[in-house]
> 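I have a structure here, written as structure tokens, and I will follow up with some questions on it.
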Amino acid sequence: MEQIDVVTKDVKNFSLPPHMEDYETHRKTFHWDKIKKDLEWFSDGKINAAHNAVDRHVNNHRKNKVALIYESTSGQVEKYTYLDLKNQSNKFANVLKKLGVVKGDRVFLFLPRIPAVYFSFLGALKIGAIASTLFSAFGPEALVDRLGNSGAKLVITTPELKPKIDQIKDKLPSLTYIVVVGKNIETSGNVPITVDYHEEMKLASKSFEVEHMDPEDLSFMLYTSGTTGKSKGVVHCHLASIQQYYTSKLIHDLHDEDVYWCTADHGWVTGISYGIIGPLTNGATVVLYEGRFDPETWYSAIEKHEITLWYTAPTAIRMLMKAGDELPKKYNFSTLRHIYSVGEPLNPEAIRWGIKVFGLAFHDTWWQTETGSMLIVNYPSMPIKLGSMGKPFPGIHAAIVDDNGNELGAEIEGNLAIKKGWPSMMRGLWKDEERYKKLFKGDWYITGDRAKKDADGYFWYIGRADDVIKTSGERVGPFEVESVLVEHPAIAEAGVIGKPDPVRGEIIKAFIALRAGFNPSPDLEENIKKFVKEKLAAHAYPREISFVDSLPKTRSGKIMRRLLKAKELGLPLGDTSTLEE
Ligand code: WTA
């Protein structure tokens, strides 16, 4: 078979004309100010992202349109209209008000993928609180860092997840309320006070006066990993929703007829920007699928909900590929009209496979927690060069720069940088102005990715410039894993790297030096993996462990992960002049 390297148009015919007919023309005439009128502004010039995502549609033809289709782990389906979403998020905003939550307070969601995610996230925005999400896979160590650093006032969770909060609540002086979504909740008056979600929602009024927010006021924050130190709180403002809205419209090509499924968990920025804000601001019908990844149930979800637009990630695609080409033949994918991917490099083979199985090419999109929305992407109307991330969104100026911030020419590898000032750019790192400033070089935001641009203006991803690990699309900081590892009684020191993996992109690999009196064994290895899974996060444990006598360190005592990685991959060791004797 002839190998496809470029897709000029989707293999299936587009049943709807794309919102952006021609990229170059749109780019030339584009300005953010023109998009502002698409959103509803209050008469005082203020805005609220939740109002635009939900309430606005209740005043137009979308009032009784289904906003959310939820499928539970047991296969039960619930549907919520835009009016339902408005009422439920208003109720939650009233619950927060009753509890004394005010503008600027931090409200954290520690929830599985259930409708309460939407009600509480949007309710928090309506009252002007800063909403944040936590992966339900997080363990106490990851939770205490995030809830502690942010000074969270309230956490909403379930009875199954609450014990993890209970373990650390004494270390969280700001935490005043734990709202629990479940049956027969035992409330308690001791701080942090336990509140019964359903009971309070029943009592709450469905009328709420949405807080008018300055476009620059913060709306949500998300902790994400860097190369050193603990995870950092990336903060976003209400104005960001304009870009989440417009990128959803042009890149995901949402039309009123569409049923859209973003497979990302809400613990990840994708689940917020493109699970909640972007699609709802477009008035779309969004699918929320609670279950874990499983090829059969994923395929049947597409068929059952007649999904037309599907946003997923390379690891999931590769896992579907692994499940074979016979399985998808059992399902009807004729409703699908456009599919896309995010989070890690999308290999050409995955795109070719998508064409074979779905008759559609996965369109790769590049962005980060820090960028708030998709910035470099493949558009429905633009030819795809397989393996390329595509071109910058209209209004975005992306470039490859050297370490001093000088722009480099075509085909030269360098730092992927974005000219600062786009609406959904992070507005800071929580309580860490110093670290925030270091992310910029002059007018450039330095992304931490290495890439190159070709003569046609397409960007090609090369790798991370730092030690950040991307495993199954999740961003993991090696320092966080190392910190937990050294708490294990048998471990003296640990160094952690991302090791290339054909399915997961990378896996976490730990090099461990044991304390005197401990010896390597399969049991110990299992025990260490379990230790990290339980303390930090189920997705952040080292799938591979090598026991070593000692770790390569700089003279100042820093573990040289670069060297560990080079050795592991059999690459040249590079400059070792700072290596400890
Ligand atoms: C990587 C994800 C290659 C990249 C929304 C980036 C990608 C980091 C792509 C951000 C892509 C994201 N191709 N690499 N299409 N998309 N990445 O903050 O290294 O979890 O810097 O946000 O993921 O990860 P984050």
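Start at 1 and go down the list; that is how both ligands and their atoms are numbered. Numbers here are sequence positions counted from 1. All values reported here derive from a predicted model rather than from experimental measurement.
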> Ignoring hydrogens and geometry beyond distance, is a side-chain donor-acceptor pair present between Asp325 and Trp353 at under 3.5 Å?
yes

> With respect to atom 4 (C) of ligand 1, which of Val269, Thr224, Asp364, Asp449 exhibits the smallest heavy-atom separation?
Asp449

> Please state which protein non-hydrogen atom is closest to atom 23 (O) of ligand 1 and give its distance, to 0.1 Å?
Lys470 CE, 2.9 Å

> Parallel, tilted or perpendicular: which one describes the rings of Phe393 and Phe30, with boundaries at 30° and 60°?
perpendicular

> Would Val342 count as a polar contact of ligand 1, with the cut-off being nitrogen or oxygen pairs under 3.5 Å?
no

> Charged N to carboxylate O below 4.0 Å: is that the case for Lys499 and Glu506?
no

> Can Asp443 and Lys419 be counted as an ion pair, charged N to O under 4.0 angstrom?
no

> Could you check atom 16 (N) of ligand 1 against the protein and tell me its nearest heavy-atom contact, residue, atom and distance included?
Gly343 N, 3.2 Å

> What about Thr369: any of its N or O atoms under 3.5 Å from an N or O on ligand 1?
yes

> If we count only N and O atoms by modelled type, under 3.5 Å, do the side chains of Thr308 and Asp258 hold a donor and an acceptor together?
yes

> Check each atom of ligand 1 against the heavy atoms of Thr270 and keep those under 4.0 Å away; list them by number with element.
5 (C)

> For the residue pair Tyr289 and Trp261, does the interplanar ring angle fall in the parallel (under 30°), tilted (30 to 60°) or perpendicular (over 60°) class?
perpendicular

> For atom 20 (O) of ligand 1, which protein heavy atom lies nearest, and how many Å away is it?
Trp268 NE1, 2.8 Å

> So is Pro345 in contact with ligand 1, going by heavy-atom distances below 4.0 Å?
yes

> Which of the numbered atoms in ligand 1 are below 4.0 angstrom from a heavy atom of Thr365?
11 (C), 15 (N), 16 (N)

> Find all atoms of ligand 1 within a distance of less than 4.0 Å from any non-hydrogen atom belonging to Arg475, and give their numbers and elements.
10 (C), 18 (O), 20 (O), 24 (O), 25 (P)

> Per the salt bridge (Lys or Arg N to Asp or Glu O under 4.0 Å) rule, what does the pair list look like for residues 357-379, sequence neighbours excluded?
Lys232-Glu370, Glu370-Arg475

> Could you check atom 11 (C) of ligand 1 against the protein and tell me its nearest heavy-atom contact, residue, atom and distance included?
Glu344 O, 3.5 Å

> Pairs in or reaching into residues 260-281: which pass salt bridge (Lys or Arg N to Asp or Glu O under 4.0 Å), with residues at least two apart or in two chains?
Arg113-Asp265

> For Thr447 and ligand 1, does the shortest N/O to N/O distance drop below 3.5 Å?
no

> According to the interplanar angle, ranging from 0 to 90°, do the rings of Phe220 and His236 count as parallel (below 30°), tilted (30 to 60°) or perpendicular (above 60°)?
tilted

> Which residue supplies the protein heavy atom nearest to atom 9 (C) of ligand 1, what is that atom called, and how far is it?
Trp366 CD1, 3.5 Å

> Got an N/O contact under 3.5 Å between Tyr461 and ligand 1?
yes

